[in-house]
Amino acid sequence: MALPVNQAPELSDAAFATWQDIIEERIGLQLPEQRRSFLKTCLSIRMREVGFDDYLAYYNHICDGDTGLIEWNRLMDRLTVQETRFFRDPVAFSLVKDHLQNRLKLSSAPLSLWSVGCSSGEEAYSLGITAQELLSSTPEANATRYGVTGTDISREALSLANAGSYSPRRLESIDSSLTGRYFTQQGHKYQIVQSVKDRTCFVRLNLLQLAGSPLKNLDVIYCQNVLIYFRKWRRKDIVTELADRLAPGGLLVLGLGDMVDWSHPELTRVPGEHVLAYFKRK
Ligand SMILES: C[S@@+](CC[C@H](N)C(=O)[O-])C[C@H]1O[C@@H](n2cnc3c(N)ncnc32)[C@H](O)[C@@H]1O
């Protein structure tokens with residue numbers, strides 16, 4: 001029986017623990033006691049939409065074969081935080097630009113960049129714009145190509161990223177000269193230009209299944225505002241795996257505070273307290 005509007009049943013300790021376990025096991029997202037009401041709200045809204053009034057019955061449903069998997073993916077879109085902005089961390093983007101500039105002095109090989117947990121695409125396109133700006137202002141490098149891959153677990157976020165169409169409000173964090181060069185107005189929305197879109201691809205990837213990803217030899221791996229939701233031991237495993245996928249000399253950018261007491265034999269921390277980033281030794 002579907003729930004009456006505005007009425008969510010109590011989430012018992014046992015049901016909370018069951019949901020906490022499966023969510024962490026499948027996507028790494030940790031939901032401590034403080035986020036219990038968030039989980040209850042997400043579940044109860046979705047349960048109302050699909051006609052369940054019991055958390056454990058809904059749990060059994062999402063564990064049940066292919067139909068369960070489809071429903072699990074829908075639920076995951078609600079559970080994951082997808083907040084993002086273009087050029088969200090200007091200090092980190094400036095570091096990326098300097099790094100690419102130095103890389104271009106060493107080799108004309110294509111630049112490859114990865115936005116890990118790209119949400120609706122703003123971060124991946126910001127990396128693309130950074131690379132394209134640099135290449136067009138460096139005459140000796142104008143034959144060099146670049147490619148950006150954005151990965152995320154949320155299908156809904158990836159479909160927005162693929163569309164590359166944003167409301168004017170979402171462009172507020174971009175320098176207006178860049179907006180003019182990299183977006184075209186289409187009705188009430190702004191579309192990322194085809195030249196950047198053609199060099200950006202979006203792929204579904206669960207960070208807990210990184211080992212199966214073919215991505216490697218990256219010049220830049222950019223992973224911000226994703227690891228904060230994971231346990232410390234899991235962050236270390238993920239970041240170690242990311243480090244292995246950097247090209248020699250490549251740059252790994254994380255979010256400030258993502259990693260504490262972590263080091264990697266092949267990485268050197270970029271100096272500075274406003275950014276958490278590492279170079280892979282050549
Ligand atoms: C807060 S957004 C960050 C977006 C962007 N990186 C930024 O900093 O603006 C976090 C993204 O991580 C994704 N995410 C969460 N858990 C994930 C997992 N296990 N594997 C891949 N992506 C995940 C979410 O779907 C969401 O789009």
Side-chain angles (χ1 to χ4, degrees), residues 19-32 35 38-39 42 69 72-96 113-130 148-164 166 169-174 192 200-215 218 220-239 241-242 245 251-259 274-277:
W19 276 101
Q20 274 178 310
D21 287 351
I22 194 165
I23 291 166
E24 188 168 355
E25 184 192 305
R26 289 192 178 183
I27 63 167
L29 175 66
Q30 215 196 331
L31 289 167
R35 302 203 70 206
F38 161 80
L39 177 63
C42 279
L69 208 53
W72 163 254
N73 285 325
R74 294 257 159 75
L75 177 67
M76 214 164 32
D77 290 334
R78 310 278 173 96
L79 290 171
T80 47
V81 178
Q82 280 151 19
E83 188 194 330
T84 185
R85 279 195 304 283
F86 284 98
F87 296 96
R88 184 173 187 173
D89 180 350
V91 179
F93 275 98
S94 159
L95 176 68
V96 168
L113 304 95
W114 180 7
S115 162
V116 183
C118 63
S119 187
S120 38
E122 288 85 335
E123 186 178 272
Y125 290 130
S126 302
L127 290 172
I129 291 172
T130 304
V148 182
T149 305
T151 60
D152 203 283
I153 199 168
S154 162
R155 287 175 203 270
E156 202 170 86
L158 289 169
S159 113
L160 292 171
N162 261 315
Y166 300 94
R169 199 178 54 82
R170 301 207 68 87
L171 267 59
E172 280 167 8
S173 54
I174 310 186
I192 187 83
T200 312
C201 73
F202 294 98
V203 181
R204 185 160 187 261
L205 176 67
N206 183 349
L207 275 173
L208 302 198
Q209 288 155 12
L210 261 182
S213 157
L215 286 163
L218 278 298
V220 176
I221 300 182
Y222 198 104
C223 178
Q224 287 195 331
N225 305 303
V226 183
L227 299 173
I228 37 168
Y229 302 105
F230 296 171
R231 284 186 199 274
K232 290 202 173 78
W233 67 263
R234 221 189 271 283
R235 297 183 199 187
K236 287 185 182 171
D237 285 359
I238 293 170
V239 174
E241 180 82 43
L242 293 178
R245 285 156 191 279
L251 175 70
L252 172 64
V253 181
L254 303 176
L256 271 181
D258 273 351
M259 303 302 290
H274 300 298
V275 72
L276 180 62

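Start at 1 and go down the list; that is how both ligands and their atoms are numbered. Position 1 is the first residue of the sequence; numbering continues from there.
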Distance filter under 4.0 Å to Gly117 heavy atoms, resulting ligand 1 atoms: 3 (C), 4 (C), 5 (C), 6 (N), 11 (C), 12 (O)
Pairwise distance CG(Leu210) to OG1(Thr151) - rounded to 0.5 angstrom: 7.5 Å
Polar contact flag, side-chain donor to acceptor under 3.5 angstrom, Gln82-Thr84: no
Option whose closest heavy atom lies nearest to atom 11 (C) of ligand 1, chosen from Asp152, Thr80, Asn206: Asp152
Option set Leu79, Thr84, Ile153, criterion heavy-atom distance to atom 22 (N) of ligand 1, minimum: Ile153
Protein heavy atom at shortest distance from atom 20 (N) of ligand 1: Leu207 N, 2.8 Å
Per-residue contact class, Phe230 against ligand 1 - non-hydrogen pairs under 4.0 Å: side chain
Heavy-atom nearest neighbour in the protein, as seen from atom 2 (S) of ligand 1, with distance rounded to 0.1 Å: Val81 O, 3.2 Å
Heteroatom proximity flag, Val116 to ligand 1, N/O under 3.5 Å: no
Distance filter under 4.0 Å to Asn225 heavy atoms, resulting ligand 1 atoms: 1 (C), 2 (S), 3 (C), 7 (C), 8 (O), 10 (C)
Criterion salt bridge (Lys or Arg N to Asp or Glu O under 4.0 Å) against Arg88, the qualifying member of Glu123, Glu83, Glu172: Glu83
Check: Ala161 main-chain N/O paired with Tyr125 side-chain donor or acceptor under 3.5 Å: yes
Distance filter under 4.0 Å to Gln82 heavy atoms, resulting ligand 1 atoms: 25 (O), 26 (C), 27 (O)
Ligand 1-proximal atoms of Glu83, by part, heavy-atom distance under 4.0 Å: backbone
Polar side-chain atom of Ser94 near backbone of Pro90 as donor-acceptor pair, under 3.5 Å: no
Any donor-acceptor N/O pair, Ser173 side chain to Phe86 backbone, under 3.5 Å: yes
Quiz item: cation-pi between Arg245 and Trp114, 6.0 Å / 45°: no
Subset of ligand 1 atoms that lie under 4.0 Å from at least one heavy atom of Ser119: 4 (C), 27 (O)
Heavy-atom closest pair, residues Gly117 and Val226: CA-CG2, 3.8 Å
N or O contact, Leu208 vs ligand 1, cut-off under 3.5 Å: no
Contact atoms of ligand 1, heavy-atom distance to Ser154 under 4.0 Å: 25 (O)
Smallest separation among heavy atoms of Leu29 and Tyr229, with atom names: CD1-CB, 3.5 Å
Heavy-atom nearest neighbour in the protein, as seen from atom 21 (C) of ligand 1, with distance rounded to 0.1 Å: Leu205 O, 3.2 Å
